[in-house]
Amino acid sequence: MQQARIAMYDIEERSARYVECLARHGAEVTLFKYVDTSREAESIASSFDGLLLPGGVDIEPALYGMPLKSCCGETDDLRDGVELLLASAFIAAKKPVLGICRGCQMLNVAMGGTLVQDIAVELGSGTLKHNDAEHKMGGTHDIEISGDSLLCSLVKAERLFVNSVHHQSAARVAPGLTVSATSADGVIEAVESATDFILGVQWHPELLAAADPQEDSLFAAFTEECERVRSAVDAA
Ligand code: MN
């Protein structure tokens, strides 16, 4: 198998934890800070094998056609623009995409879905605590995973105790994505494509993967799929 070459937006010192999770499986990760045009993004998508969309700040609501509410947090126009270009290009090229936290939300937005701008404000006080940084290295709540999903085939479980450091989540799920996990309050915790390796998880496996084989399985499978893509390209 050829070494997987994975692209990721450069989140500076916070990039390392994601890079390590992929490097552990033999992938080479290249960080991008500036991508200005769809042509440039298409060129990256054609020379790389997969895209990792990492965690971070909120996404500008105008990008999913909603007015900005006061409950929305900090946004980053530069990052939104670059990640939207990259996500669209990799999805169009049918290359694997793994989205984590904000990355899960970015996948949904890039494919035409919308977001909850704040879970407690929009979905009510009956929701679980989802923004629990204190327990990010352990866990906060269970998720229920669809038995026929890609996610279930990776973690080999229909229930998983996950960490939770988010205040937003997918609202209307994009055409082309399905919900593969929810928490007991109905919050969408994972989305995926039925046809391609496109997976978004709302929790943070990169914080747990070194010590937890179920969490690590996401990075292992993503890297393996990228290697498969590389080998197929090289054979063509
Ligand atoms: Mn959560």
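Every number for a ligand or one of its atoms is a count from 1 in the order of the listing. All values below were derived from every heavy atom in this structure, side-chain atoms included, with hydrogens, water molecules and symmetry-related copies excluded.
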Spacing of Thr114 atom OG1 and Gln105 atom CD [to the nearest 0.5 Å]: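 Interatomic distance, Thr114 OG1 to Gln105 CD, rounded to 0.5 Å: 11.0 Å.
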May I ask you to say whether Asp234 pairs ionically with Arg230, meaning some side-chain N is under 4.0 Å from a carboxylate O?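 A salt bridge links Asp234 with Arg230.
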pair Val201-Val191: side-chain heavy atoms closer than 4.5 Å: no
Counting C-beta onward and ignoring hydrogens, is there a side-chain heavy-atom pair between Ser164 and Trp203 closer than 4.5 Å?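 Not touching, per the 4.5 Å side-chain cut-off.
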Only pairs at least two apart or in different chains count here, so list each ring pair (Phe, Tyr, Trp, His ring centres under 6.0 Å) that has a residue in residues 45-82.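 Output for this query lists Phe32-Phe48.
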Cut-off under 2.8 Å, centre the Mn ion (ligand 1), protein N/O/S atoms: His130 ND1, His141 NE2, Ser164 OG, His166 NE2, Glu189 OE2
Assess the residue pair His141 and Asp185 against the criterion (side chain to side chain donor-acceptor pair (under 3.5 Å)); give the C-alpha distance rounded to whole Å, side-chain angles, the decisive distance to 0.1 Å, and a yes or no. CA-CA 10 Å; His141 63 72; Asp185 53 3; over 6 Å; no
